[in-house]
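Because only heavy atoms are used, hydrogens play no part in the values below, and waters and symmetry mates are left out as well, while side chains stay in. Counting begins at 1 with the first residue of the sequence.
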Amino acid sequence: MATSVLFDAPGPKTVARHRAYTMAAYGGLLLVVAFIAWRLQQTGQFAYDLWEPVLTPSIIEVILVDGLLNTLKMAFSAIILAVVFGLVFGMGKLSDHAWVRWPCWLVVEFFRAVPVLLLMVFIFYQFGGVTNGDRGAYWSVVAALTLYNGSVLAEVFRAGLNAVPSGQAEAAYALGMRKSQVMTIVLLPQAVKIMLPSIISQCVVALKDTSLGYAIAAIGLSTVSRLVYIEYGNQLQVVAVVALLYISVNLVLTGIATWVQKKFVGEKNPIDLTRAGNMDGGQNTGGGI
């Protein structure tokens, strides 16, 4: 019988009870979905006239080209810059020099606490976004997402580097390596295995947060969809299509990230933190270097 360090394996009665709970939950979910579908039918939301605009080639082109493509551009730019920002400030928080460590700590904690929407609006109105039109709105969204997600990733990088067993760094110092070499050659490659799931999650968050750009009229899915449903009066239908696009892109992004994890990190199973080092009571010979 399989065992766990946290709890005993469930017996036959417990397994049967859990299956009953699962079936009850599925049944309740189906009832909720059926009720929502019935209400939509009663209010005429399935009428073809309301769905026709989102099936029209010209509208589809606007949603995909002006909406989805610009959203992907904003997300890609923000993710790349956020990773760089997070790596710099995350390693800065681990610096031995207080004049480097404390400013990095202040920047990271400040931008982690500021809501992304307020940050977008502030950058847009204070740094020339209004006068620069669409490009100003685009870079306002990218800058806000970079600062927020980069601050979160800075904590991810810091925690990932600290999670590598201390014996690895000690052995590297014993070989005469400088701290910069220890960070980039020894600790960072091992920490990637620990950090990758959180980095993937933050990339998905950055992609979804591009929808907040509607507040400053940044051309993206949320802004384009708003223009469409205002013109045709089919808010539910347009929002459903846009939600499906967001879900599809996030699934693709997660799939690509998972493939990268398996291909380059070399692990076929979800990241297990205990695999970063041995579990023999903290004894480490430093043989991983």
Side-chain angles (χ1 to χ4, degrees), residues 63-93 103-160 192 195-227 239 242-243 245-257 260:
I63 293 176
L64 293 180
V65 177
D66 294 336
L68 181 59
L69 185 58
N70 284 320
T71 292
L72 294 176
K73 288 179 180 178
M74 287 189 289
F76 181 78
S77 301
I79 289 169
I80 296 299
L81 294 175
V83 170
V84 175
F85 182 99
L87 183 60
V88 171
F89 282 86
M91 297 180 68
K93 291 187 69 175
C104 289
W105 176 87
L106 181 62
V107 169
V108 169
E109 295 303 320
F110 175 79
F111 286 114
R112 283 177 65 200
V114 178
V116 182
L117 181 58
L118 294 182
L119 199 55
M120 286 184 189
V121 173
F122 177 79
I123 294 173
F124 182 69
Y125 285 102
Q126 296 298 322
F127 294 97
V130 178
T131 57
N132 291 328
D134 293 341
R135 299 302 299 172
Y138 174 92
W139 287 110
S140 297
V141 173
V142 172
L145 294 179
T146 297
L147 293 174
Y148 173 74
N149 292 284
S151 298
V152 175
L153 288 177
E155 283 297 288
V156 171
F157 283 115
R158 182 192 63 79
V192 168
M195 298 183 296
L196 194 57
S198 297
I199 294 175
I200 295 171
S201 299
Q202 207 58 40
C203 291
V204 173
V205 170
L207 177 61
K208 293 191 295 184
D209 282 349
T210 56
S211 61
L212 298 175
Y214 81 93
I216 55 175
I219 301 301
L221 271 177
S222 56
T223 302
V224 170
S225 64
R226 185 171 181 270
L227 296 175
V239 170
V242 171
L245 288 174
Y246 271 114
I247 293 171
S248 301
V249 172
N250 285 330
L251 289 176
V252 171
L253 176 61
T254 303
I256 293 174
V260 170

d(S140 OG, M74 CE) to nearest 0.5 Å is 11.0 Å

Between N250 and K208 the two heavy atoms that sit nearest each other are ND2-CG, 3.6 Å

Side-chain contact, heavy-atom cut-off 4.5 Å: V224 with I219?
yes

The reported gap from CG in L69 to CD1 in I63 (rounded to nearest 0.5 angstrom) is 14.0 Å

TODO: May I have the step-by-step check of side chain to side chain contact (heavy atoms under 4.5 Å, CB included) for L147 and F85, ending in yes or no?
DONE: CA-CA 8 Å; L147 293 174; F85 182 99; 3.9 Å; yes

Minimal heavy-atom distance between S211 and S222, with the atoms involved, is O-OG, 2.8 Å

Note: A137 and A218 closest approach over all heavy atoms is CB-CA, 3.7 Å

Are L245 and L64 close enough, and set up right, to give a side chain to side chain contact (heavy atoms under 4.5 Å, CB included), and what steps lead you there?
-> CA-CA 9 Å; L245 288 174; L64 293 180; 4.2 Å; yes

The reported gap from CG in L68 to OG in S225 (rounded to nearest 0.5 angstrom) is 11.5 Å

Heavy-atom distance under 4.5 Å between the side chains of T71 and L207, does that happen here? yes

Separation between CZ (R112) and CG (L153), nearest 0.5 Å, reads 11.0 Å

In terms of heavy-atom contacts, G213 and V141 come closest through CA-CG2, 3.8 Å

For a 4.5 angstrom cut-off between non-hydrogen side-chain atoms, does E109 reach K93?
yes

Practice problem: Evaluate whether atom OH of Y214 has more than 12 neighbouring non-hydrogen atoms of other residues, nucleotides or ligands under 6.0 angstrom away. | Solution: no

Exercise: do Y138 and S77 side chains pair donor with acceptor under 3.5 Å = yes

Rounded to the nearest 0.5 angstrom, the OG-CZ distance for S151 and F111 is 6.5 Å

Here the pair of heavy atoms bringing A206 nearest to I79 is CB-CG1, 4.0 Å

Self-check item: Heavy-atom side-chain contact between M120 and L145 under 4.5 Å
Solution: yes

F157 side chain near I199 side chain, heavy-atom distance below 4.5 Å:
yes

Note: A144 and L119 closest approach over all heavy atoms is O-CD2, 3.6 Å

Taken to the nearest 0.5 Å, the spacing of L106 CG from F89 CZ works out to 10.0 Å

